[in-house]
Each structure stands twice: as structure tokens, then as C-alpha cells.
Amino acid sequence: MEKKRIMSVFGTRPEAIKMAPLVKELAAREELESICCVTAQHREMLDSVLEVFGIRPDWDLDIMTPRQTLSTITSKCLTGMDEAIERLKPDMILVHGDTSTTFAGALSAFYHQVPVGHVEAGLRTYDKYSPYPEEMNRKLVTSIADLYFCPTELNRENLRREAVTDGVFVTGNTVIDALKTTVREDYVFATEALNRLPYDSKKLLLVTCHRRENYGQPMEDIMSALAHIARSYGDVELVYPVHLSPAVQECAKKHLSGIANVHLIPPLAADEMHNLMARSYLVLTDSGGLQEEAPALGKPVLVLRRETERPEAISAGTVKLAGVKYDDIVSMAEELISDPAAYAAMAHAVNPYGDGQACRRIADAILWHFGMGGRPEDFRPR
């Protein structure tokens, strides 16, 4: 039987982390040919992930430009994908999540009448401007896709409410698969400063903050709150790999530079970030992926956003929505730093996002779609 050619399309660091184990799983299936097209929406941060996972793209659009806009990202992805699809002739295109690359990749596949599989489908906040532009990107991809790989049962329910029921699978999240390959007890950091941190004697707070909807006053308040926390607790070390966005860099340096127990460092490779998270005490983030990764490592998460499209972890107790207001962030962080019982309740909660078998289920579902295997069983958290 002729192999089916499956093209994975991604362009940002978070997408790459979550798609890398799937690219490898597809390559291991004798019925499939796994090919990879990257847009390089985030050039440097994408390349570091490709290196960690040993992935060499078959096609690279290399679209990134300084201070790029959503319009330039989308238009350059869309036009660049034309040649990639015509030359590589995929039988199916996989896109991930909710970026501009995701939307443009799915739309280009539709224009070429190639079936689309949406990895991490069904997440919703029902506010089209938050997260921005991600909420609208994923809703638009839902309208295009043929297969939907939902991390959780709640994501499937979201799709069902929108009358999307065919080709829907609950797979778990592929980021849990990725963590199984990157986190090691004997890990030595390439970023030497991380090897010198006092993990045993201090509480390490890992921070990320970069979302567009937090630009402006919300980010000013977040950074002020982080500065207060760092200055107030001598037993805390705050580590912040600062996003390359100039707006984020400027705000972080304005509020956090010069504080002795704050470490502003460049963005980390995926394996370094995962292992730093594994050694952290608490994660404060506006990232989507970290809301899934940290609970898998037993680390409580405070989400620095007004809402989350990942409410499963809030229900499970591993994540709390801190918001973007100074007082709320400070009070919730202080409780977890100073109250062992409150901390233990979050650290020991059950992770609802997967068992490390999401990529296997997705590959099985693709084979089922092409009449080459049975339908996989859905993921159920235990």
C-alpha cells in the first residue's frame, strides 16, 4: 500500500515543542511518510526546539521580520504555503493550536483541497479578543478542519456545542509526550547560570509573560507585582526567561532589573525550560503550554491572564487564575509561598492533560481516517 504523506506545519516555539513528538511518531509508522514545513514565525526560538528534538524541516518559509504584524505573518504564510503544498503534495496537513501560522496553514490547505487535522482542537474562551488573536484563529481552523484532536473531553464538548461531531478524538495533549523525552534528574543546563541556582535552599519561581493582550498596563502591573514578591521574600529566587518581543523586554527590565534575587535571562531551549520547571517551586505564566506542562511535573501554576481556555486544570486544582491586577497576583503568590497546606493542595492534584500517549492516538486516528486501521480509544484521565 502506498504511504500517506502527512505534512506537519508549525512556526513558533510552543507549536514546535508540541508537534515534535508527533512528527517523530508519524515517521515511525510504516504506513505514513512524515514531512515537516516550518514558517519560522519565531525564527530563533523555533530553531532551538528543532535542534533539541533533532528535526530537520523539509520546507522552511523563513518569514520572520523585525516587529512583524499579524497581517504580514498571515499573508507571508499563506503565499509561502502555496509552493510547499504544490511541491510536497501532502495527503493531509496537520496544524497545531491557535497561532497565525496555524490559521494560514489550514486556510492554504483548504485552498488546495488537502484535508486538515487540527492538533489541540476545541479550546475556547468565547471572547474573540482574549487571547488575541488566538481565540479567533482556532475558531476559524475549526471551520476548515476534517479531523480534530482534542486534549480533553471538555474540548470535545466545546466542539459539540458548535455542531462539530465527526472526526473528533480525545487524545490528551502532545506536550506531555514531549516532557517524557526531555526531563531528566541528571540534567545539566547549557545556560551555566541555571546550574548555580540554589534549588535546595530557595523557592524558585519560574515566570513567563509575553501575550499581546497583556501589553500595556496589564504587563506593567504584572511586573510590579513580581518585583514586590521578589523584594519581600528572601527565600525566593525569581527566574524569568524574557521573551524577545521589544515590548516585553522593555517592561521586564524597567521593573525587575537590579533586584538581587531576580534573574532575567534569554529565552531557553525546550529541554532547558522543561528541566528548570521540574526544579521550580511555583510557575507564574500567561503561556498556554505551561498551564499543561507544569501540572504534569507537580508544580502549581498561577495564570497571569483574565481568563484561560484551559479550565480543566482549574477544576482539578493544579492551576489558579491570578489575573493581571497587582493585588491579586501578590496575594495569591504570597499564599503559596507562605502556606504549605495551600501549596500541597495544588502540587498533589491530578494532571488532566494526558498520559504521554497523545501522539500514538493521533497517528492511529490518521490511519483510521484513511481506512488503514481501527479507531483509537479516547484518553481518560485517571
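This structure is a prediction, so every number in the text was calculated from the model and none was measured. Values below: every heavy atom of this structure, side chains too, minus hydrogens, waters and symmetry copies.
Taking the side chain as every heavy atom from C-beta outward, Val38 and Leu61 never approach each other to under 4.5 Å. The shortest side-chain heavy-atom distance between Leu290 and Thr208 falls under the 4.5 Å cut-off. A heavy-atom distance below 4.5 Å is found between the side chains of Pro376 and Phe169. In this structure the side chain of Ile73 reaches within 4.5 angstrom of the side chain of Ile63, judged on heavy atoms. Annotation: side chain of Ile85 is in contact with side chain of Ile93 (closest heavy-atom distance under 4.5 Å). Contact annotation: the side chain of Leu78 approaches that of Tyr111 to within less than 4.5 Å [non-hydrogen atoms, C-beta and beyond]. The side-chain heavy atoms of Tyr240 and Leu256, taken from C-beta on, include a pair separated by under 4.5 Å. With contacts defined as side-chain heavy-atom distances shorter than 4.5 Å, the pair Phe103/Thr101 does not qualify.
The pair Asp186-Arg184 meets the salt-bridge criterion, with a side-chain N (NZ, NE, NH1 or NH2) lying under 4.0 Å from an Asp/Glu carboxylate O. Under a 4.0 Å N-O distance rule, the pair Arg138/Glu135 qualifies as a salt bridge. Salt bridge annotation for Arg361-Asp378: absent, with no cationic side-chain nitrogen under 4.0 angstrom from a carboxylate oxygen. Salt-bridge check for Lys254 with Glu220: passed, with a basic side-chain N closer than 4.0 Å to an acidic carboxylate O. Checked for salt-bridge contact, Arg29 and Asp364 meet the test: a charged N lies under 4.0 Å from a carboxylate O. The residues Lys18 and Glu120 are annotated as salt-bridged, a charged nitrogen and a carboxylate oxygen being separated by less than 4.0 angstrom. The pair Glu134-Arg211 meets the salt-bridge criterion, since a charged nitrogen lies less than 4.0 angstrom from a carboxylate oxygen. In this structure, Arg305 pairs ionically with Glu307, as a charged nitrogen and a carboxylate oxygen lie closer than 4.0 Å. Using a 4.0 Å cut-off between charged nitrogen and carboxylate oxygen, Glu292 and Arg310 count as a salt-bridge pair. Between Lys325 and Asp221 there is no salt bridge, since no side-chain nitrogen of the basic residue lies less than 4.0 Å from a carboxylate oxygen of the acidic one.
Distance alone, capped at 3.5 Å, places no donor-acceptor pair between the Thr72 side chain and the Gln68 backbone. The backbone N or O of His96 lies less than 3.5 Å from a partner atom in the side chain of Thr102, making a donor-acceptor pair. Ser108 places no side-chain N or O within donor-acceptor distance of the main-chain N or O of Gly105, the cut-off being under 3.5 Å. The main-chain N or O of Ser287 is found under 3.5 Å from a side-chain atom of Gln291 such that the two form a donor-acceptor pair.
For the residue pair Asn214 / Asp286, a side-chain donor-acceptor distance below 3.5 Å is found, with atom types taken as modelled. Side chains of Tyr215 and Ser245: a donor-acceptor N/O pair is present below 3.5 angstrom, by distance only.
Between Ser8 and Leu26, the shortest heavy-atom distance links the atoms OG-CD1, 4.1 Å. Of all non-hydrogen atoms in Thr142 and Tyr148, the two that sit nearest each other are O-OH, 2.9 Å. Minimum heavy-atom separation, Ala365 to Phe149: CB-CE2, 3.6 Å. Across all non-hydrogen atoms, the minimal contact from Gly80 to Trp59 is O-NE1, 4.4 Å. The minimum heavy-atom distance linking Val301 with Leu282 is given by the pair N-CD1, 4.5 Å. Residue Asp60 comes nearest to Ala40 through the heavy atom pair OD1-CB, 3.9 Å, listed as atom of the first residue, atom of the second, then distance.
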task = Determine, stepwise, if the pair Leu94 / Leu22 fulfils side chain to side chain contact (heavy atoms under 4.5 Å, CB included).
result = CA-CA 10 Å; Leu94 302 181; Leu22 180 55; 3.9 Å; yes
Worksheet entry | CA sep, side-chain torsions, deciding dist, call: Thr65, Lys76, side chain to side chain contact (heavy atoms under 4.5 Å, CB included) | CA-CA 11 Å; Thr65 56; Lys76 290 173 76 173; 3.2 Å; yes
(Q) Please determine whether side chain to side chain contact (heavy atoms under 4.5 Å, CB included) holds for the pair Leu264 and Ser257, giving the CA-CA distance in whole Å, both sets of side-chain angles, and the decisive distance to 0.1 Å. (A) CA-CA 7 Å; Leu264 300 179; Ser257 287; 3.8 Å; yes
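Separation of atoms NZ (Lys203) and CG (Leu238) is listed at 14.0 Å; rounding is to 0.5 Å. Within the model, atoms SG of Cys150 and CG of Leu159 stand 4.5 Å from one another, a figure rounded to the nearest 0.5 Å. For the atom pair Leu304 CG and Cys209 SG, the distance stands at 6.0 Å (nearest 0.5 Å).
For the side chain to side chain donor-acceptor pair (under 3.5 Å) criterion with Asn155, the lone passing option out of Glu312, Arg124, Glu309 is Glu312. If you run salt bridge (charged side-chain N to carboxylate O under 4.0 Å, His left out) between Glu33 and each of Lys3, Arg5, Lys4, only Arg5 comes through.
Classified by interplanar angle (parallel below 30°, tilted 30° to 60°, perpendicular above 60°), the ring pair His210/His243 is parallel. Between Tyr129 and Tyr132, the ring planes are tilted. Angles from 30° to 60° get that label.
Applying the 6.0 Å contact sphere to CD of Gln249 captures more than 12 heavy atoms from other residues, nucleotides or ligands. When the shell of 6.0 Å around CZ of Arg87 is examined, it contains 12 or fewer heavy atoms from other residues, nucleotides or ligands. The local environment of CG in Asp200 is sparse, with at most 12 non-hydrogen atoms from other residues, nucleotides or ligands closer than 6.0 Å.
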